Structure formats: C-alpha cells, structure tokens
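Atoms considered below: every heavy atom in the structure, side chains included; atoms not considered: hydrogens, waters and symmetry mates. Just so you know, ligand 1 is whichever comes first in the structure, and atom 1 is the first atom listed for that ligand. Keep in mind it's a predicted model, so treat the numbers as computed, not measured.
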Amino acid sequence: MSFNTTYNNIEFVLEDGTAILTFNRPDSLNSFNAEMHAEVRAALKEVKKNPDVRALVITGNGRGFCAGQDLSDRNVAPGTEAPNLGESIEKNYNPMIRSIRALEMPVICAVNGVAAGAGANIALACDIVFAAKSAKFIQAFCKIGLIPDSGGTWTLPHSVGQARAMALSMLGDRVSAEDAEKMGMIWKAVEDETVKDTAIATAKELATQPTKGLALIKRAIQASAINTLDQQLDLERDLQTIAGRTDDYREGVAAFMAKRQPSFKGQ
Ligand code: T3D
C-alpha cells in the first residue's frame, strides 16, 4: 500500500505495518534541498498520525545514504549576505531529529552508502542502525567551517565517548561501518546487498510486537542519557505502570501461560 501523497525527492510506502521512507536524490547523494525537507517533514507527520504504522525504516537510493544539506542551495558568493543557518536548523533539521526521537515506534535505519554531515547524524538519531559494509560515516561539517548538527554533538559523545566524538568532529575522518559497529555508534554492519532487506525485515518483525511497550523502552533508554540512577528508577516505575495497563501485556502473559504465539495489537 502507498500513502496518498506523491513526492519528488523521497519514496514513501507502507508495507505490513512498516513505513519505508527512502531519500531519493541519488545524483547529489540524497542531500537535502528545501523541497526534500518539506517532504520528509510531511512523511514523518503521516507516520505519527497513521495508526496502521507500527515501525519506520529510513534509507536512501543510489550509492549514498545522505550527504546532509545540499550545498548548492547556499549562496556564499563574495559580497552576499551571510545565510542564517540557525534558521535552517530550527525549521528543518531540529524538527526532523525531534520527530524521529519522539515517534512512539521503532525507527530502523538502513545506511546504504556514505552518510555525511547531517546525513550521518540523521542515521545516529534512529533507534537501530544497520549499515552496509561499504558505507562510511563522516562528520563533514568541520571541512566547511561548521559544527555537527542534527543532534551529532549529543548522539556522538553519548554513543562513542568524548574523545572519539571530539576527534571525529574536528578531523572529519571517514568511519567505516565495521568500525562504527565496533565503537558502538551503530548496531550492525552487514553485507551491502542485504542492508535494506535486513532493516525492513527487522522493522516488520517489530511491527508485530507490543508497539506501546517498545515506545516506552525508547523513552526510558533515551532518558537514561541525562537521568541519575535514582531518577531512572522512578521513571522505570512510572513507565512500567503504563506498560502493565496495555492490552499487549495481558496478551503476552496469556499467550505465555497458554503456550501459544501472542497476537499483539500495539496497544
Ligand atoms: O545549510 C544549512 O541548512 C545548515 C545545515 C547543515 C547541515 C549539513 O549537512 S552541512 C554538511 C553538508 N555536507 C557536506 O559537507 C558533505 C559534502 N559531500 C562530500 O563531502 C562528499 O560528496 C562525500 C564525502 C559525501 C562523498 O564523496 P564522493 O567522492 O564519494 O562523492 P562526490 O563526487 O563528492 O559526490 C557525488 C555527487 O554528489 C557530486 O555531484 P557531481 O559532481 O556528480 O554532479 C557532488 O557534488 C554531489 N554532492 C555530494 N554531497 C553534496 C552534493 N551536492 C550538494 N550538496 C552536498 N552536500
């Protein structure tokens, strides 16, 4: 099944409870122009409001995953007024990262090729990241005088530690998928030809699971990045209270006791 809207810069389909959002500007390694920003925003809104969607996959077409902002959209000719990049961040990148992080379902990323600038950090904002073995993660911002955005100055130190985050951000080194896996930046590096299928199969499997419970796990793990143990214990108590009131909890326990497969509805 497709969603109703037609897009020019992304593909967006719904299969078996899983929305698949594919960046589709392969000639510029799926970098973001203004129209693509608007389309991704609309797609994420649709994912949030459509009750049939219980997991999301983000990936890219062609040899790149995403090369961040389309730099040909920025007029930096001598004598021109400096662009206000903060406005672009506020309007485009921050809402996208906030949406991905707040979606009450698993967001699985298939990094099919190079992920640079904001493209790298969009991947790191997702809940589970698979990357093709040939893919590279590049904090390319430093090469053009910028700082990592799209949450990179938060996700990177939290996943790989300050020392690596600092060096990767200042040097702009290319990190292979296998090294990214080793340093805890991503979940798994997989063979190139399997990356999309692996991510989609994982998402479809998760779309059959207790969606509300998975969303609560997401909230708890995210909160652990800033909470003390005491705060986290309180949060676990509160979220478990909510989880314990879901239909899926009843179904999970009933199925276990009856030695049958559970049928979760996501509520
Ligand atoms: O402005 C704001 O709103 C603020 C927010 C900023 C967020 C950001 O993401 S800033 C960072 C922007 N991204 C970059 O600086 C990365 C630029 N790209 C690269 O460094 C390289 O392309 C890669 C390392 C990603 C890949 O290198 P390579 O050698 O595999 O490919 P290539 O030949 O450089 O790129 C292939 C084509 O894609 C090429 O076009 P052509 O020559 O075939 O017509 C290249 O120009 C185009 N391309 C790649 N990245 C971008 C791009 N075109 C526009 N913008 C890009 N970001």
**Request:** Take Tyr7 and Glu35 through the side-chain hydrogen bond (donor to acceptor under 3.5 Å, both in side chains) test and state the conclusion after the steps.
**Result:** CA-CA 9 Å; Tyr7 296 101; Glu35 188 179 41; over 6 Å; no
Could you tabulate the donor-acceptor pairs under 3.5 Å formed by side-chain atoms of residues 193-207, not counting sequence neighbours?
| from | atom 1 | to | atom 2 | distance (Å) |
| --- | --- | --- | --- | --- |
| Thr194 | OG1 | Glu191 | O | 2.9 |
| Lys196 | NZ | Gly60 | O | 2.8 |
| Lys196 | NZ | Asn61 | OD1 | 3.4 |
| Thr198 | OG1 | Thr194 | O | 2.6 |
| Thr202 | OG1 | Thr198 | O | 2.7 |
| Lys204 | NZ | Glu15 | OE1 | 2.7 |
| Lys204 | NZ | Asp16 | OD2 | 3.3 |
| Glu205 | OE2 | Gln209 | NE2 | 3.3 |

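The CD atom of Glu90 sits 9.5 Å away from atom CD of Glu87, with the distance rounded to the nearest 0.5 Å. Interatomic distance, Ser99 OG to Leu103 CG, rounded to the nearest 0.5 Å: 6.5 Å.
Closest heavy-atom contact between Ala110 and Phe65: O-CD1, 3.7 Å.
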For ligand 1, list every N/O pair with the protein closer than 3.5 Å, one pair per line with the distance.
| from | atom 1 | to | atom 2 | distance (Å) |
| --- | --- | --- | --- | --- |
| ligand 1 | 1 (O) | Arg74 | NE | 2.6 |
| ligand 1 | 1 (O) | Arg74 | NH2 | 3.4 |
| ligand 1 | 3 (O) | Gln69 | OE1 | 3.4 |
| ligand 1 | 3 (O) | Arg74 | NH2 | 2.8 |
| ligand 1 | 3 (O) | Ser88 | OG | 2.4 |
| ligand 1 | 9 (O) | Gln69 | N | 2.9 |
| ligand 1 | 9 (O) | Ala118 | N | 2.9 |
| ligand 1 | 13 (N) | Ala67 | O | 2.9 |
| ligand 1 | 30 (O) | Arg63 | NH1 | 2.9 |
| ligand 1 | 30 (O) | Arg63 | NH2 | 3.4 |
| ligand 1 | 31 (O) | Arg63 | NH2 | 2.9 |
| ligand 1 | 38 (O) | Asp27 | O | 3.4 |
| ligand 1 | 55 (N) | Leu71 | N | 2.9 |
| ligand 1 | 57 (N) | Ala67 | O | 3.1 |
| ligand 1 | 57 (N) | Gln69 | O | 2.8 |

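A salt bridge links Asp70 to Arg25: one of the charged nitrogens lies within less than 4.0 Å of a carboxylate oxygen.
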